[in-house]
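Below, read A as the first sequence line, B as the second, and so on, with proteins coming before strands; counting in each chain starts at 1. Just so you know, these numbers use all the heavy atoms, side chains as well, and skip hydrogens, waters and symmetry mates.
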Amino acid sequence: GAGVSQTPSNKVTEKGKYVELRCDPISGHTALYWYRQSLGQGPEFLIYFQGTGAADDSGLPNDRFFAVRPEGSVSTLKIQRTERGDSAMYLCASSLTHGTSSEQFFGPGTRLTVL
Amino acid sequence: AQSVTQLDSQVPVFEEAPVELRCNYSSSVSVYLFWYVQYPNQGLQLLLKYLSGSTLVKGINGFEAEFNKSQTSFHLRKPSVHISDTAEYFCAVSGAGTALIFGKGTTLSVSS
């Protein structure tokens, strides 16, 4: 079956603009995670959803970042007033349920470049 | 707080040689440990995980790792690597119900 997909694969924007990054999880997976991976670093947790609700958003760096999952499937990560420091690979993962025994399946990522 | 240290940023090896990628963690609670691989232009893929039980864990593609609680390590090994093993490898830790905390990654470069 289809894996986790993310669109767009690449996004180039100008400083100060608003961007939306989309994640389509594996069908039936209730948990969805967003990570950010800067160059030369490992992925850093941003937020995770259990169903439609954000169960843990402690990794969001500031209030310019926001994510939604209105129907418990597709999720959108929204970044307002982008800054050059937001440039990174944004990864999405989904798992059947939340918990260490439930494997997270990762998408290929969206590479965001803020000029 | 939990953290992961991958001791080598780059590991060059020749094909068919053995390899060990080192990972140390710190945590004040019980931990669960993972190794992920990221091939060029692909998403992260789980290689193996330690949740409990036997400290020697076998994963996909001939990789294995050993959980050593006294040394707080979870090193990844393969007895004979292939060109196709060239990739970025990430060690990660989590507690019960918490998010994955990743190391900075180790680039494994296999040459002929």
inquiry  = Is Leu51(B) close to chain A through its backbone or its side chain, or both, or neither, when contacts mean heavy atoms under 4.5 Å?
reply    = side chain

ask   = Between Lys78(B) and Glu20(B), is there a salt bridge with N-O shorter than 4.0 Å?
value = no

ask   = Do Gln38(B) and Tyr36(B) have a side chain donor and acceptor closer than 3.5 Å?
value = no

query = Within a reach of under 6.0 Å around OH of Tyr39(B), are more than 12 heavy atoms found that belong to other residues, nucleotides or ligands?
reply = yes

message = Quick check on the interface: out of Glu44(A), Gln37(A), Gln6(A), Met89(A), who has the most heavy-atom pairs with chain B under 4.5 Å?
response = Gln37(A)

message = Does any backbone or side-chain atom of Tyr35(A) lie under 4.5 Å from a heavy atom of chain B? Answer side chain, backbone, both or neither.
response = side chain

ask   = Given the rule in the ring pair (Phe, Tyr, Trp, His ring centres under 6.0 Å) test, do Phe34(B) and Phe90(B) qualify, once you have shown the distances and angles that lead to the verdict?
value = CA-CA 8 Å; Phe34(B) 307 80; Phe90(B) 293 95; over 10 Å; no

